[in-house]
Amino acid sequence: MNFPFAAFAPVAVIIGALAVGGWVLTTWLRIKHGYPLDGAWGQAIYPKNDDAAMERIKLLSQENAQLRAELGSIKDRLANVERIVTDSAHSLDREIEALRGPSN
């Protein structure tokens, strides 16, 4: 018995194209409606946002704001130290004496 593969080839191509088209359509619909995509073993590739993740983001944002404020104060202190180091000794002496107040 001799099976004609030439007659089966167009059917196989059509079935393959429909399978790929269905997969593309399914993936597009999942992305459009916010469902997580599945990997090769069924694990979620893009999990939905949960409460724990949102809490971590909030805590990290607060820590980031605190670190930025601390960095700003350190920059101010460094600018003062640079000014003191680069100033001439005479003007530094005058400023120190001015801070001490008038002498009696």
Side-chain angles (χ1 to χ4, degrees):
M1 182 173 200
N2 205 356
F3 187 73
F5 288 106
F8 181 68
V11 173
V13 169
I14 290 172
I15 290 173
L18 286 175
V20 170
W23 174 77
V24 168
L25 178 67
T26 303
T27 303
W28 176 74
L29 285 172
R30 284 180 161 201
I31 292 170
K32 180 180 176 186
H33 295 290
Y35 289 102
L37 299 177
D38 295 334
W41 296 98
Q43 77 278 15
I45 296 175
Y46 301 109
K48 288 186 175 182
N49 291 340
D50 56 350
D51 292 335
M54 297 306 288
E55 184 67 25
R56 276 194 306 258
I57 290 171
K58 188 171 82 170
L59 290 174
L60 287 173
S61 297
Q62 290 173 352
E63 182 183 8
N64 190 12
Q66 290 171 349
L67 290 174
R68 286 182 180 270
E70 185 178 343
L71 182 62
S73 68
I74 289 174
K75 283 182 178 180
D76 292 340
R77 292 173 64 189
L78 180 62
N80 286 333
V81 169
E82 287 175 346
R83 185 181 55 82
I84 290 170
V85 168
T86 57
D87 244 356
S88 67
H90 181 67
S91 63
L92 182 60
D93 287 338
R94 281 190 318 206
E95 286 183 25
I96 291 175
E97 291 299 324
L99 289 173
R100 288 185 181 161
S103 52
N104 294 331

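- We find the CG-CD1 distance between N64 and I57 to be 12.5 Å, quoted to the nearest 0.5 Å.
- With sequence neighbours left out, the side chain to side chain donor-acceptor pair (under 3.5 Å) criterion links R56 to no other residue.
- If you take CG on D76 and CG on L71, they are separated by 9.5 Å, rounding to the nearest 0.5 Å.
- Here side-chain hydrogen bond (donor to acceptor under 3.5 Å, both in side chains) pairs that include residues 23-32, with residues two or more places apart or in two chains, are R30-D38.
- Using a 4.5 Å cut-off on side-chain heavy atoms (C-beta onward), L60 and E63 make contact.
- Taking 4.0 Å as the cut-off between side-chain N and carboxylate O, R100 and E97 count as a salt-bridged pair.
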